[in-house]
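Notes follow once the structure below has been shown.
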Amino acid sequence: MAIDPIKKLTIICPGSTSRRLVRAIHDLGVVEVINACDRLEGAETVLRRPDVSTDEVDEKLHKIELILNLLNVFAPEQQGFFEGLTPLPLVVEHDEINRTVQEFDLNRVFTAASELDETYRRADRAINEIQNQLRDLAPLEDLPFDISDISGLKRVQLLLGYVRRRDLDLLDPQGEPWRGAAWEVVKPGCLLRKDVSEEEIRHAEEALARAETVKVVFAFLPEAREAVTKALGALEFEEISLPDVPGRVRDQIRQLKGDLAEWQGRLAQVAAKVKEMAELRRSLTILKAFWLGTRNRRAALARGLRGNWTHVMCGYVRTQDLPALEQMLQRQFASSVLVVDDPAPGENVPVSLSMPKRSRPIQLLVQLFGLPSYQSFDPSPFLIVNFYVFFGICFSDVGYGALLIILSLYLAKKTRKYRNLYDFSRMFLYCGISTVIFGAALGSWFGDLYKAEYLGEGNLLLALQSRVALLDPMDKTVVALVLALGIGMLNQFYGIILKMYGALRHREWAAAFCDGFLWLLTLPGMVILISKLLVDTPPALFRVGLWLFGLGAVGLVLTQGRNVKNPISRLLVGVVSLYGIVGSYGCTAFIGDVLSYCRLLALGLTTSIVALSFNMMAGMVRAIPHVGFILFLIILVFGHVFNFLISVLGAFVHAMRLIFVEFFGRFYEGGARPFQPLGFDSPLCIVKKPGEAR
């Protein structure tokens with residue numbers, strides 16, 4: 001359970017074998033290739049960059065991407081529950097990759113797909129244009145005249161638009177500026193015809209009576225335009241622009257609808273043909289992963305340097321993989337030279353973490369925060385206990401823990417082929433076990449569902465709860481709060497010890513003593529002194545606390561400013577470091593961090609209280625005749641499922657916060673880059689190892 005030892009390497013090979021060498025390293029998958037210029041300073045004066053082109057690969061990827069995009073539009077992949085949560089890669093074998101690359105006729109499929117894509121885009125543009133035209137013409141469908149008949153009028157001008165129905169009474173034909181103007185309300189469906197039936201008129205008038213705005217046509221002389229326009233503006237008149245279309249609007253709409261149906265038919269034909277290509281999705285995905293890997297391989301070749309006869313490649317390899325690399329080079333490239341060396345101090349070395357399978361899930365937390373530097377240590381083993389304890393206390397319900405275990409086992413079974421998802425499922429499995437343990441200790445079984453009023457006297461849950469419960473946090477809240485704060489103090493001291501451990505690994509004796517050990521004297525002493533304000537602390541224990549705090553505080557004052565040259569400034573820095581403004585820690589930071597662990601009690605109580613509330617609601621409806629028991633079950637199921645989902649999210653987030661902020665903040669700095677060996681490493685496909693079960 002540590003950071004894997006890394007060696008830096010330089011490979012010198014004949015220029016004629018450079019492409020084969022990169023391919024062999026790609027197939028081996030153990031070397032991270034870096035830019036040789038970064039390793040070999042000044043080498044560019046005698047060596048040059050190899051001339052590497054990815055145009056051919058990019059062209060193939062463009063063709064594949066076009067086909068896949070077309071499939072995603074018309075034949076999207078049916079996703080199950082897991083695929084909806086996160087995209088799952090294909091699991092393939094090397095034989096399937098090779099067979100697909102050799103046998104798949106990409107050019108033929110691309111030609112057919114590009115024709116369909118062109119038809120699709122042309123039809124899509126046409127449909128959008130027609131729909132926009134129909135939307136613009138819809139308000140004018142009731143006009144009984146040709147637009148061309150009125151577009152050239154000179155002696156009379158027309159305005160068409162919407163007026164609020166309550167403002168129609170303001171259109172006084174005897175008043176200004178309406179004298180000499182004419183208007184007509186356009187009744188929906190009547191088209192201002194003379195042959196309109198009474199039934200049509202009645203329906204139109206009913207529609208007008210319900211409408212807030214009505215469509216009105218105004219006719220007036222040109223010299224009255226300014227006055228009419230001003231009056232209509234006061235009425236919040238909304239003008240409808242007359243389109244430049246031949247004939248009547250309703251005839252144009254009829255023609256556009258016919259064109260729309262024709263283009264939609266073409267689009268349906270495209271969709272049908274694309275759906276026939278859906279069976280090619282797996283092959284296309286494999287091809288995309290293969291050509292992405294090929295592009296990465298050519299990019300790795302471009303990171304090297306070339307002379308007249310040689311090619312130089314630089315990178316990193318894990319010490320455990322070095323023998324395999326040496327054997328490959330001796331077997332296939334006997335004329336090459338391998339130079340291996342240890343990384344220099346302070347070098348930006350990629351980081352690879354290795355842990356036993358049982359402990360591997362906790363590495364996900366470290367990866368979320370950021371990998372440790374190569375010169376540091378892997379914090380993963382030190383999180384195993386406290387993270388699961390924090391999660392278990394926050395969730396703390398036997399019933400919910402059992403549900404989490406069942407769900408995690410199911411997820412683990414479904415995701416066994418996918419390492420990260422499998423580890424994520426196993427992490428929640430261990431969280432579920434911790435939840436059951438702390439739920440039993442704190443006496444929560446789906447809240448208080450074990451009570452006789454819900455499940456009857458002598459039920460199994462009541463018997464189990466009474467035997468294993470150690471503390472009821474709702475009854476003894478102060479005791480539970482003290483325990484939560486005690487866990488917080490221990491975790492803070494644990495973080496300081498790890499800080500000392502990291503310093504000792506680098507033989508930084510002064511940092512271990514001054515920034516670690518002295519705080520382990522000061523902070524416990526301060527806690528003992530503060531306890532005097534709350535409880536009757538024994539005098540002997542109080543004196544011990546006084547000595548611890550005094551010795552530690554004096555030591556911190558004298559050492560926290562050790563890098564300051566001025567003696568007075570050094571003492572001032574030491575004094576303010578006790579508060580926490582400068583220095584490695586601080587008394588106020590300790591108090592604030594410890595108080596953050598109150599969330600352990602708060603989250604645990606919240607889970608129990610919400611569960612208890614749903615139990616109470618279900619119990620209230622149980623007595624209803626005939627349907628009471630059914631309502632009781634419905635409320636219990638939906639209520640506890642809701643509480644389970646909300647509480648598991650809260651427990652995970654807050655447990656991570658206690659790790660990332662209050663724990664990692666004491667000793668850990670992430671941000672290193674991961675070790676990424678050149679190989680078939682694609683989020684689209686996973687190559688199944690020989691002998692691995694499907």
Side-chain angles (χ1 to χ4, degrees), residues 1-9 29-35 38-39 86 89 296 300 303 314-322 341-388 390 418-428 430 491 494-506 508 511 652-653 655-679 681-683 686:
M1 296 189 291
I3 298 175
D4 295 328
I6 298 285
K7 297 287 187 180
K8 63 180 184 179
L9 57 83
V30 299
V31 176
E32 177 178 332
V33 180
I34 65 171
N35 193 335
D38 297 338
R39 176 78 58 79
T86 180
N296 292 337
R303 295 191 189 104
C314 298
Y316 295 96
V317 63
R318 296 187 300 179
T319 303
Q320 64 194 50
D321 298 324
L322 185 57
D341 197 4
D342 292 323
E347 185 174 345
N348 184 20
V349 183
V351 173
S352 172
L353 304 180
S354 293
M355 291 186 70
K357 184 177 180 180
R358 288 176 295 179
S359 306
R360 202 171 60 203
I362 206 69
Q363 277 188 350
L364 295 175
L365 296 181
V366 178
Q367 293 171 355
L368 286 174
F369 188 84
L371 294 175
S373 66
Y374 182 71
Q375 292 76 21
S376 182
F377 63 94
D378 181 10
S380 303
F382 307 103
L383 308 181
I384 295 176
V385 174
N386 46 6
F387 174 75
Y388 292 133
F390 296 160
Y418 315 105
R419 173 172 171 172
N420 286 340
L421 288 176
Y422 180 60
D423 289 342
F424 189 75
S425 303
R426 289 171 55 228
M427 181 178 68
F428 273 101
Y430 302 148
N491 203 52
Y494 185 30
I496 296 173
I497 292 173
L498 291 178
K499 183 180 183 67
M500 295 174 59
Y501 169 69
L504 292 173
R505 290 181 74 253
H506 293 91
E508 297 175 357
F652 182 70
V653 169
M656 282 201 309
R657 187 195 185 282
L658 290 174
I659 292 295
F660 289 167
V661 180
E662 279 74 24
F663 185 58
F664 273 1
R666 303 286 70 80
F667 71 95
Y668 182 65
E669 292 184 5
R673 61 186 182 90
F675 176 71
Q676 296 178 320
L678 179 66
D681 181 19
S682 171
I686 296 176

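In what follows, residues are counted from 1 in the order of the sequence shown. Values reported hereafter were calculated over all heavy atoms of this structure, with side chains retained and with hydrogens, waters and symmetry mates removed.
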Minimum-distance pair of heavy atoms, taken over all atoms of [X] and [Y]:
X    : Y    : answer
D378 : S380 : OD1-OG, 2.8 Å
Y374 : P343 : CE2-CG, 4.2 Å
P89  : Y418 : O-CE2, 3.2 Å
A511 : A503 : CB-CB, 4.2 Å

Next on the checklist: Using the side chain to side chain contact (heavy atoms under 4.5 Å, CB included) definition, which of the options L371, N348, V349 pairs with R673?
Outcome noted: N348
Next on the checklist: Is it true that, when you exclude E669 itself, more than 12 heavy atoms of the residues, nucleotides or ligands shown sit nearer than 6.0 Å to its CD?
Outcome noted: no
Which residues pass the side chain to side chain donor-acceptor pair (under 3.5 Å) test with [X], sequence neighbours left out?
X    : answer
R426 : D423, Y430
Q320 : none
K7   : D342

Next on the checklist: Between E32 and Q676 (side chain of the first, backbone of the second, donor and acceptor by atom type, cut-off under 3.5 Å), is there such a pair?
Outcome noted: yes
Rounded distance [0.5 Å steps], [atom1] in [X] versus [atom2] in [Y]:
X    : Y    : atom1 : atom2 : result
F675 : D321 : CZ    : CG    : 6.5 Å
R666 : N491 : CZ    : CG    : 10.0 Å
I659 : N386 : CD1   : CG    : 4.0 Å
L353 : I362 : CG    : CD1   : 12.5 Å
Q363 : L368 : CD    : CG    : 12.0 Å

Is the shortest side-chain heavy-atom distance between [X] and [Y] below 4.5 Å?
X    : Y    : result
M427 : F652 : yes
V366 : L383 : yes
I3   : P372 : yes
I34  : R39  : yes
F667 : M500 : no

Checklist entry - F387 and M656: side-chain contact (heavy atoms from CB on, under 4.5 Å), yes or no, with the steps? => result CA-CA 7 Å; F387 174 75; M656 282 201 309; 4.1 Å; yes
Next on the checklist: Classify the ring geometry of F377 against F382: parallel below 30°, tilted from 30° to 60°, perpendicular beyond 60°.
Outcome noted: perpendicular
Checklist entry - In terms of the angle between their ring planes, are F664 and Y668 parallel, tilted or perpendicular, with boundaries placed at 30° and 60°? => result tilted
Item to check | side-chain contact (heavy atoms from CB on, under 4.5 Å) assessment of R318 paired with V30 | outcome: CA-CA 7 Å; R318 296 187 300 179; V30 299; 6.0 Å; no
Checklist entry - Is the centre of the F663 ring less than 6.0 Å from the centre of the Y494 ring? => result yes
Checklist entry - V317 and L322: side-chain contact (heavy atoms from CB on, under 4.5 Å), yes or no, with the steps? => result CA-CA 6 Å; V317 63; L322 185 57; 3.9 Å; yes
Checklist entry - Checking side-chain contact (heavy atoms from CB on, under 4.5 Å) for the pair E662/F390: CA distance, chi angles, key distance, verdict? => result CA-CA 12 Å; E662 279 74 24; F390 296 160; over 6 Å; no
